[in-house]
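This structure is a prediction, so every number in the text was calculated from the model and none was measured. What you see below is based on every heavy atom in this structure, not just the backbone, and it leaves out hydrogens, waters and symmetry mates.
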Amino acid sequence: MINLDALYQLKESFGFFSNQLTYPEKLDFHPKAFDKAFDTNHPAYRDIKQYWENMHDISLDDIQEVYTRTFDFEKKTTLYMTYNKLTEQKERGQMLARLKVLYEMFGLEMPQNELSDFLPLMLEFLYVAEWRGDDRAQESLTLVVMVIEDGTYGLLQALGKQNSPYFHLIKAIRETLKSCVVEQEKVINGD
C-alpha cells in the first residue's frame, strides 16, 4: 500500500528524476534543479547527491553519449518498464493500455509517440497528477509504483554491472518510492 501523502510531498523529486532520464541538455544540470527537489532529509539524498556529483565530473557530450549508449542501445537498460518483465505481447499490451487509461483518468494526456511504460513519463505522471481527494488514487498509484519498482529492479542490476553514472539515479528513485510504501502489517494493525 502506498502512503499517498508521503508520495505527494516528494512530487518535486519525481519531476527531477523524470527530467534526468530524458535526453540530457545543459540546463538539466543547473544547481537550482537539484536544490529545488532535494534537501538532506530526502529519503534518497545520499544516492541522488552521488549521482549529481558523478554527472558534474564529466562533460555534457560524455553524458549524452553515455545516455544514448545506455538507454537507446541496450535491452537490459531500457527505460520501458514492462519490456523485460512482460515478455508476452498480449500481456504487455494490456498493461500499456491500463497505464494509458490511468494517466488520462488523472488528466495527463499521453504523447502520441510514447509508450505508457516509459520511465520518464511514469515519473512525470507522479510529478504532475493531482490525486488528492480522488477515490481511485490508492489503487491507481499503487499500480504505477509497482510497475516502476518491477522495471527498475533489473535496470538497477544492469547499470551496476556497467558501473554506469545512472546507477545512483535509479537507486534514488527506488529509495524514494520505498519510503512511500506502507508495510501491510502496519496497515492491518493501524500503526
Side-chain angles (χ1 to χ4, degrees), residues 1-4 6-8 10-11 13-24 28 44 64 66-162 164 166-167 169-182 184 187:
M1 186 169 187
I2 305 299
N3 179 332
L4 295 177
L7 194 68
Y8 197 86
L10 295 167
K11 275 179 155 279
S13 54
F14 294 118
F16 177 88
F17 295 146
S18 175
N19 195 41
Q20 293 299 305
L21 286 169
T22 56
Y23 187 76
D28 297 338
Q64 291 171 336
V66 168
Y67 179 92
T68 302
R69 186 178 61 237
T70 302
F71 298 124
D72 293 343
F73 298 118
E74 290 286 330
K75 287 183 179 181
K76 289 185 178 183
T77 56
T78 181
L79 291 175
Y80 294 95
M81 296 292 92
T82 64
Y83 181 80
N84 289 315
K85 194 75 172 170
L86 301 177
T87 52
E88 287 192 32
Q89 206 168 8
K90 181 180 178 186
E91 189 179 15
R92 183 169 186 233
Q94 289 172 340
M95 180 57 76
L96 293 174
R98 194 169 169 196
L99 287 168
K100 182 178 190 266
V101 168
L102 187 153
Y103 299 154
E104 291 171 353
M105 268 182 355
F106 288 92
L108 181 67
E109 191 172 318
M110 280 282 303
Q112 292 293 329
N113 62 343
E114 200 53 78
L115 296 175
S116 58
D117 68 340
F118 187 53
L119 183 56
L121 178 66
M122 298 181 83
L123 295 165
E124 182 75 12
F125 168 74
L126 293 175
Y127 174 59
V128 300
E130 186 53 60
W131 65 75
R132 289 192 294 188
D134 193 315
D135 295 340
R136 306 167 296 181
Q138 188 60 243
E139 182 181 342
S140 298
L141 293 173
T142 297
L143 175 65
V144 171
V145 170
M146 284 175 32
V147 171
I148 294 172
E149 285 278 316
D150 272 359
T152 57
Y153 178 78
L155 176 58
L156 183 69
Q157 304 308 311
L159 292 172
K161 287 178 185 172
Q162 295 175 4
S164 171
Y166 286 99
F167 172 83
L169 177 63
I170 300 302
K171 190 171 179 197
I173 292 168
R174 290 180 58 80
E175 288 299 315
T176 301
L177 291 173
K178 184 178 168 185
S179 75
C180 299
V181 174
V182 179
Q184 194 63 32
V187 173

Please check: side-chain N/O of [X] versus main-chain N/O of [Y], any donor-acceptor pairing under 3.5 Å?
X	Y	answer
Thr78	Lys75	no
Ser18	Phe14	no
Ser179	Thr176	yes
Lys11	Tyr127	yes
Ser164	Leu159	no
Glu114	Leu121	no

Mind running side-chain contact (heavy atoms from CB on, under 4.5 Å) on Cys180 and Leu10 for me, showing each step along the way? CA-CA 9 Å; Cys180 299; Leu10 295 167; 3.6 Å; yes
Could you check whether any side-chain heavy atom of [X] comes within less than 4.5 Å of a side-chain heavy atom of [Y], counting everything from C-beta outward?
X	Y	answer
Met122	Leu99	yes
Ile148	Leu123	yes
Leu115	Tyr83	no
Ile2	Leu177	no
Phe17	Ile170	no
Leu126	Leu141	yes
Val147	Thr82	yes
Leu21	Ile173	yes

Before accepting this row, confirm whether a basic side-chain N of the pair Glu104/Lys100 lies closer than 4.0 Å to the acidic partner's carboxylate O.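 Result for this pair is yes, salt bridge flagged.
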Pair Met81, Asp150 - check side-chain contact (heavy atoms from CB on, under 4.5 Å), show working. CA-CA 7 Å; Met81 296 292 92; Asp150 272 359; over 6 Å; no
Ring pair (Phe, Tyr, Trp, His ring centres under 6.0 Å), that's the test. Do Phe71 and Tyr166 meet it? Break it down for me. CA-CA 10 Å; Phe71 298 124; Tyr166 286 99; 4.9 Å; yes
For a quick test of reading the model, state the closest non-hydrogen atom pair linking Ala172 to Ala44 and the distance between them.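 Closest pair (atom of Ala172, atom of Ala44, distance): O-CB, 3.3 Å.
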Of all heavy-atom pairs between Gln20 and Asp28, which one has the smallest distance, and what is that distance?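 Nearest pair, atom of Gln20 first, then Asp28: NE2-O, 2.8 Å.
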Rounded distance [0.5 Å steps], [atom1] in [X] versus [atom2] in [Y]:
X	Y	atom1	atom2	answer
Arg98	Ser116	CZ	OG	11.5 Å
Gln138	Ser140	CD	OG	9.5 Å
Asn113	Phe118	CG	CZ	9.5 Å
Gln157	Phe167	CD	CZ	7.5 Å
Lys76	Lys161	NZ	NZ	6.0 Å
Asp117	Met95	CG	CE	9.5 Å

Side chains of Tyr103 and Glu124: any donor to acceptor distance under 3.5 Å?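 No.
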Over 60° means perpendicular and under 30° means parallel, so tell me whether Tyr67 and Tyr23 are parallel, tilted or perpendicular.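 The arrangement is perpendicular - the two ring planes meet at more than 60°.
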Ring-face cation contact, Tyr8 with Arg132, 6.0 Å cut, 45° max: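 Pair Arg132/Tyr8 counts as cation-pi.
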Would you verify whether the NZ or CZ of Arg136 falls within 45 degrees of the ring axis of Phe106 while also being under 6.0 Å from that six-membered ring's centre?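 The answer is yes, since Arg136 meets both limits relative to Phe106.
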Name of the residue among Leu155, Leu156, Asp72 meeting side-chain contact (heavy atoms from CB on, under 4.5 Å) with Thr77: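 Single side-chain contact (heavy atoms from CB on, under 4.5 Å) partner of Thr77 among Leu155, Leu156, Asp72: Leu155.
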List the steps and the verdict of side-chain contact (heavy atoms from CB on, under 4.5 Å) for Arg174 and Lys178. CA-CA 6 Å; Arg174 290 180 58 80; Lys178 184 178 168 185; over 6 Å; no
